[in-house]
Structures are given as structure tokens and as C-alpha cells.
Amino acid sequence: MSTSITKKQLPNGLLQNKWFHLICAVLLMTMISGVQYSWTLYSNPLKDKLGVSLAVVQTAFTLSQVIQAGSQPTGGYFVDKFGPRMMLILSGAMVLLGWSFMGRVNSVPALYALYTLAGAGVGIVYGTAINTATRWFPNKRGLASGFTAAGYGMGVLPFLPVISSVLETKGVGTAFMLTGFIEGIVIILIAFVIRFPQSAGAPGVKKVVTEKDFTSKEMLKTAHFWVLWAAFFSINFGGLLLVANSAPYAKSIGIPIATITIAVSIQNIANGSSRPVWGAVSDKIGRFKTMSIVFFINSIVLFFFPTVAKINDLLFIAMLALAFFTWGGSYALFPSINTDLFGTAYSAQNYGFFWAAKATAAIFGGGVGAAVATALGWQAAFTITAATSFIAFALATFVIPRMGKPTKGKSVVVEATSK
């Protein structure tokens, strides 16, 4: 099935402009960034408020990550079918309600319920934003998805000083309420202007489906998906442990709170900037070559992290930045690989299944990671994460490039390029 879209069917001005839609995608990511990347600032205040252990509080982070993965394939189905508006309005409301009221809870079940509600909204917004970028920039998918993913990695930065100040002066309830309201409202407003290129302003225009487009069912039957899924899981293991626990770990080795706030800001700069950088590199040298480089460096950094980071504050900040710079690039690489291999027609739903790898890694990187660190020490936890990053390197270097392009109904192993 295929259709053509004439210029008369499309509106003039911004709704046809790919850069406008890239900006919208980045803004969407900015609005959901804090739901993940500011969490490390909230975890200790919530622990103290509820009177529970860090592992119990970090389980909320894990549940939120899991529900992000669960919401993406379902949300992606409706986004692919009807366009982004309806699902963005719904997900914006979920983020607004879930995140805003988390600071008002007085029980652990209520915390879990609200964080999963916000997480479900985040999953839908993320999938919509990243697929908006890759659809509008088919020849520069790495760069476009990199800039969009950078919004997720760095979007929290304007909020961090505000969050720190409000946490100190007004308390955790006000900090959640203020940021949640801003995030939810902006997502809902963007929903009314963002479009996919196939349906920009043209009601009733059907999406283009070609032989290169895999449905989710067809994609899940390929070996390519499962090997890539394993690599995505492996590289996310260590990154998510640091996302959830960088501030608690810093506190455990005596880093001052002012330095921790600076370090969290720098980690998000490194995380966000890595995505357009490595995305652009992958457009030049290939996705898998780029994965090999960044995943190998990441494994080395994580192995030496607890040894080097505790020497002094500056080395802690430097190691944290390196860890995030070599992990964050995965969020530019895997969306691009998704559309490179499995097409764009079902890309929002398909990427939701990739996202399940991140959610699975969050189970270990969040609550279980904190529990391992408590029981065996931080060195053991970081050694495990270094090993999983090395597995991602090995898959990207020695397995995936030899698999060739996937075919519907079966996978054929052939000599292939690094793309």
C-alpha cells in the first residue's frame, strides 16, 4: 500500500517545516527529561519523608522505567495509526498528574502508583518525539535522533537549580508540583502543532507502507531484533544504575551536597551532548562501528569508576561525565538502527519493543543495583555494569555487523556494511 501527498494537501509554513518539527520533538523531550534525570535529587528527601530504605524508594524508579516500556508499544500503535496529537494530550495529562502529586504521598504504594502513571506518559511522549525526528530526517537519522535524544538527556538542566532551591526552601511536595505542572502543560500545547510528514495537515492521508517496513510481529521474528535488544539492555545496565544512584553514591563517599548538584548538572550535559555527537558520527562511519567505540570506552570507565571517583571531587565529576557521555549515545544509535533496519511506517510501535530493554535494565540499575551495592559494596555493583557494557561492545563489534539486513519471515546471515 502506498499513497502520494501533493503540495495542495499540505499546509504552508511551519507545519511543513522539518526543522520546526525537530524543535517540537526536542521540546517534548525536554519536558519529560526531569521525570528520569532529576530523580536522583528527590530520592533521599523521599526516603527521609517516608521513613524507608533507599532500595525501597529506588524501586519506584524501576517501576517507572518498566511502565515506560509497557506504554510505548501500545501508545506507538495509536501514534502510528492516528498521528501524535491524541496520544500526546493523554500522555501530557499523565505526566502532569503523576509527577505533580508524587511529593504529596504518605505511603510507598501511592508513590509507586503515581510514578508509574508519570512513567507511562513519558514512554508515549518519548516514542512520539524520537519517531517524529527520524521520519522528518530520513537521510540524517543519527543526527536528528541525536538532537532529539539530547533534549531528554539535557532538558532537565534548567530545572535543576530550581529543584534544588525549592527542595531546600519549600520542600519536596512543592518541587514536584511546580515541575510537573510545567511539563504537562507544555506537552499538551505541543500536541496541537506537531505532525508526522505523511499526515502533516492532511486529514485522511494514509501512511506510506513499503516492503522495507516491518510490522512489530514481523520484527520480533528476526534474530536482528533480539541481538540488538540484548545490546541495548547491556549498555543500559550501568547507565541506569548511575542515573538512579549517582547522588546517593556521591553522598556515601563524602562528596558535599553543593558538589553533587554541580555533578548532576554536568552528568546531564555530558549525557545530552553525547547524543547528537555520536548520532552524527554514526551517520558518517556507521552505526555499529560507533557502538563499538562508545560501548568499549563505557565498560572501561565503569570498571574504574569507584576506584578513581573517590580520590577527589574533580575526579568524581570527570568520571561521571565520561560514563554518561559514552552511555547516552545509545539513545541516538538505537532509534536510527530501528528505522534503518525495520522502516518508518511502524517505527513508533517498534521502538517501544526496543525500549523494553531499557526497562529491564532499570530493574537491575535502579532498586536491585542499590541493593547489590548495599550488600556487596559499590565496587561489585560497578564491576557487574562494566561487564554488561563489554557484552554490548562484543555484540556490536563481532555479531551484529555480520548479520546483514533482516528479511521478513527469516533472518539471513551475510557479509554486510557497518550501517
Side-chain angles (χ1 to χ4, degrees), residues 18-19 21-30 32-33 36-37 68 72 122-123 125-157 228-229 231-236 238-240 243 267-298 321-342 344 347-348 350-355 357-358 361 389 392-393 395-396 400-401 418-419:
K18 63 182 181 179
W19 296 103
H21 288 90
L22 181 60
I23 291 170
C24 287
V26 172
L27 285 174
L28 285 173
M29 290 294 208
T30 298
I32 59 173
S33 175
Q36 176 168 308
Y37 290 112
Q68 281 187 35
Q72 279 209 37
V122 167
V125 174
Y126 191 105
T128 303
I130 205 74
N131 283 285
T132 298
T134 56
R135 291 183 190 213
W136 279 100
F137 290 82
N139 297 323
K140 294 289 183 181
R141 285 174 181 152
L143 183 64
S145 62
F147 273 114
T148 306
Y152 192 60
M154 291 196 296
V156 72
L157 288 175
L228 286 165
W229 193 97
F232 202 18
F233 164 82
S234 298
I235 194 61
N236 268 289
L240 290 170
V243 168
Q267 83 178 30
N268 285 292
I269 292 172
N271 184 18
S273 63
S274 71
R275 303 177 184 204
V277 169
W278 294 119
V281 169
S282 75
D283 286 334
K284 296 292 185 181
I285 69 172
R287 314 288 182 220
F288 305 135
K289 288 181 181 178
T290 307
M291 290 166 69
S292 296
I293 294 168
V294 294
F295 295 170
F296 180 75
I297 298 172
N298 184 259
L322 277 173
F324 274 84
F325 190 77
T326 51
W327 164 63
S330 65
Y331 294 106
L333 299 173
F334 282 95
S336 302
I337 291 170
N338 172 44
T339 49
D340 287 347
L341 295 185
F342 303 113
T344 60
S347 58
N350 287 348
Y351 192 60
F353 287 98
F354 275 97
W355 201 253
K358 181 193 175 186
S389 290
F393 156 75
L395 291 174
I400 303 171
S418 61
K419 288 280 187 181

Item to complete: Start with the C-alpha gap between Y37 and N271, add the side-chain angles, then the distance that decides, and say whether side-chain hydrogen bond (donor to acceptor under 3.5 Å, both in side chains) holds.
Response: CA-CA 10 Å; Y37 290 112; N271 184 18; 3.1 Å; yes
I want to check something: taking the side chain as every heavy atom from C-beta on, are [X] and [Y] in contact at a cut-off of under 4.5 Å?
{"X": "V122", "Y": "Y152", "value": "yes"}
{"X": "L322", "Y": "F325", "value": "no"}
{"X": "I285", "Y": "I293", "value": "yes"}
{"X": "L341", "Y": "L228", "value": "yes"}
{"X": "F137", "Y": "F147", "value": "no"}

With a 3.5 Å distance limit and no angle check, can you tell me whether [X] reaches the backbone of [Y] through a side-chain donor-acceptor pair?
{"X": "N268", "Y": "L157", "answer": "no"}
{"X": "N236", "Y": "F232", "answer": "yes"}
{"X": "W229", "Y": "F353", "answer": "yes"}
{"X": "S33", "Y": "M29", "answer": "no"}

Between [atom1] of [X] and [atom2] of [Y], what distance do you get to the nearest 0.5 Å?
{"X": "L333", "Y": "N338", "atom1": "CG", "atom2": "CG", "result": "12.5 Å"}
{"X": "N131", "Y": "T344", "atom1": "CG", "atom2": "OG1", "result": "9.0 Å"}
{"X": "I337", "Y": "T134", "atom1": "CD1", "atom2": "OG1", "result": "12.5 Å"}

Discussion item. If we check side chain to side chain donor-acceptor pair (under 3.5 Å) with S282, which of these qualifies: K289, R141, R287?
Written reply: R287
